[in-house]
Q: 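Just passing along the structure, written as structure tokens.
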Amino acid sequence: GHVFCAGADIKERAGMARQPGDYARHNRIAREYTNCVRECAVPVIAAVNGAALGAGFGLMAACDIMLASDNAVFAMPEIDVGLAGGAAMLTHLVGKSRGRRILFTGERITAQEMYRLGVIECCVPRAALMEEALKLARTIAAKSPMAMRLAKKAYNVCENMPQRDGYRFEQDITVQLSHTEDAQEAQRAFVEKRKPVFKGR
């Protein structure tokens with residue numbers, strides 16, 4: 001519909017507080033779902049077509065590349081219902097002051113502002129959003145599947161490492177990939193000025 005993901009159902013959450021273990025179990029499921037998206041072997045593109053609130057904002061943030069329609073809004077409204085959530089995700093998306101403002105106020109941010117901040121890749125009319133996402137997906141899908149999987153792994157690992165260690169880790173992956181048929185095919189295709197034909201090995 002017109003909402004990307006509105007986050008938790010507050011009525012459901014209110015009932016959970018009375019059932020021992022339910023609240024923590026529900027949180028664990030939501031947390032692991034976003035971790036699955038982040039750790040998915042292939043890149044995941046978020047096409048945010050409306051409100052991305054709370055856990056919905058977190059779901060978007062778990063994706064590799066984020067696009068949005070010009071009617072999309074983003075917020076971490078947990079503070080408005082006596083809860084707190086989103087700090088771990090916000091520290092990777094925006095600077096200290098903006099992240100804390102989002103977390104402490106619960107205010108909504110427009111797609112235009114998220115684009116200005118460099119959080120999302122584009123802010124397009126809703127009718128153009130899926131085509132924009134699919135265009136990007138086709139570009140990514142045309143690359144070597146082995147290189148893409150390891151490039152995503154490298155990014156996920158390196159973002160939490162010191163630069164020196166991250167660069168060493170990334171270079172080890174480059175050496176590993178240099179021995180693949182796909183890398184050799186890509187280099188031949190570059191020299192021969194043609195599109196490569198990847199076999200995923």
Side-chain angles (χ1 to χ4, degrees), residues 3-9 21-49 51-68 72 74-76 78 83-95 99 102-103 114 117-122 129-130 132-180 182-183 186 198-201:
V3 174
F4 176 73
C5 179
D9 182 335
D22 281 356
Y23 209 100
R25 190 168 28 258
H26 180 80
N27 278 356
R28 185 171 54 253
I29 291 167
R31 181 177 64 246
E32 291 310 314
Y33 180 80
T34 58
N35 286 339
C36 286
V37 171
R38 184 179 183 279
E39 295 166 6
C40 178
V42 296
V44 179
I45 299 169
V48 182
N49 62 322
L53 309 175
F57 196 165
L59 175 60
M60 177 203 75
C63 297
D64 296 289
I65 301 172
M66 302 165 286
L67 318 177
F74 307 84
M76 279 292 169
E78 284 87 342
L83 303 173
M89 175 268 296
L90 287 168
T91 59
H92 287 284
L93 287 184
V94 295
I102 291 168
L103 189 67
M114 292 290 271
L117 292 170
V119 175
I120 59 175
E121 283 296 303
C122 69
L129 179 63
M130 285 308 295
E132 194 71 25
L134 289 169
K135 178 181 169 186
L136 181 57
R138 285 189 286 269
T139 298
I140 292 170
K143 310 299 182 190
S144 160
M146 290 185 72
M148 190 58 64
R149 281 193 300 274
L150 289 176
K152 177 168 178 177
K153 178 181 179 179
Y155 206 107
N156 281 351
V157 171
C158 290
E159 72 180 352
N160 295 313
M161 296 175 82
Q163 188 270 337
R164 180 185 177 92
D165 297 334
Y167 193 50
R168 185 178 293 118
F169 179 84
E170 182 181 10
Q171 289 302 298
D172 287 346
I173 284 178
T174 298
V175 170
Q176 180 183 342
L177 284 169
S178 72
H179 300 296
T180 65
D182 276 2
F198 295 119
K199 295 182 179 175
R201 53 180 193 258

Q: Between atom OG of S144 and atom CZ of R201, what is the distance when rounded to the nearest 0.5 Å?
A: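 Here the rounded value is 11.5 Å.
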
Q: Should we count CZ of R138 as having more than 12 external heavy atoms under 6.0 Å?
A: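 Yes - once you tally the heavy atoms of other residues, nucleotides and ligands closer than 6.0 Å, there are more than 12.
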
Q: Of the non-hydrogen atoms in A52 and F4, which two are nearest, and what is the gap between them?
A: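 Shortest heavy-atom separation between A52 and F4 comes out as CB-CD2, 3.9 Å.
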
Q: With a 4.5 Å cut-off on side-chain heavy atoms, are L93 and F74 touching?
A: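 A side-chain contact is absent here, since even the closest heavy-atom pair is not under 4.5 Å.
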
Q: Quick one: which residue pairs count as a side-chain hydrogen bond (donor to acceptor under 3.5 Å, both in side chains) with a foot in residues 166-175, not counting sequence neighbours?
A: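 Counting only pairs at least two positions apart or across chains, the side-chain hydrogen bond (donor to acceptor under 3.5 Å, both in side chains) contacts touching residues 166-175 are D165-R168.
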
Q: Quick one: closest heavy-atom pair of A46 and M60, and the distance?
A: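 Closest approach of A46 to M60, heavy atoms only: CB-CG, 3.9 Å.
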
Q: Rounded to the nearest 0.5 Å, how far apart are CG of D182 and CE of M148?
A: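 Interatomic distance, D182 CG to M148 CE, rounded to 0.5 Å: 11.0 Å.
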
Q: Nearest 0.5 Å, what's the NZ-CZ distance between K153 and F169?
A: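 CZ of F169 is found 5.0 Å from NZ of K153.
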
Q: Hey, does C40 have a side-chain heavy atom less than 4.5 Å from the side chain of D64?
A: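 Result no, sub-4.5 Å side-chain heavy-atom pair not found.
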
Q: Taking all non-hydrogen atoms of both residues into account, name the closest pair between L103 and G85 and its distance.
A: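 What the structure gives for the nearest pair is CD1-O, 3.0 Å.
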
Q: Please give me the minimum heavy-atom distance between V37 and C63, naming the atom from each residue.
A: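 That closest heavy-atom pairing would be CG1-SG, 3.9 Å.
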
Q: Measure the spacing between CZ of R28 and CG of N35 and express it to the nearest 0.5 Å.
A: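 Separation between the atoms: 12.5 Å.
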
Q: With a 4.5 Å limit on heavy-atom distance, are the side chains of I140 and I65 in contact?
A: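 Yes. Closest side-chain heavy atoms under 4.5 Å.
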
Q: Could you give the distance from CE (M130) to CG (N49), rounded to the nearest 0.5 Å?
A: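 One finds 8.5 Å between CE of M130 and CG of N49.
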
Q: Can you tell if the side chain of K152 reaches within under 4.5 Å of the side chain of V44, non-hydrogen atoms only?
A: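 In contact.
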
Q: Just wondering, do I29 and Y33 contact through their side chains at under 4.5 Å, heavy atoms?
A: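 SC-SC contact between Y33 and I29 ruled out.
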
Q: Taking all heavy atoms of E132 and all of C122, pick out the closest pair and write down the distance.
A: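 Smallest interatomic distance, heavy atoms only, reads CG-SG, 3.8 Å.
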
Q: Mind running side-chain contact (heavy atoms from CB on, under 4.5 Å) on M66 and V48 for me, showing each step along the way?
A: CA-CA 7 Å; M66 302 165 286; V48 182; 5.6 Å; no

Q: I would like to know whether K199 and T180 meet side-chain contact (heavy atoms from CB on, under 4.5 Å); could you show each step before the answer?
A: CA-CA 10 Å; K199 295 182 179 175; T180 65; over 6 Å; no

Q: Please round to the nearest 0.5 Å and tell me the distance separating atom CE of M76 and atom CD1 of I102.
A: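 The distance works out to 8.5 Å.
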
Q: What are the two closest non-hydrogen atoms of G166 and C158, and how far apart are they?
A: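 Heavy atoms of G166 and C158 come nearest at O-SG, 3.1 Å.
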
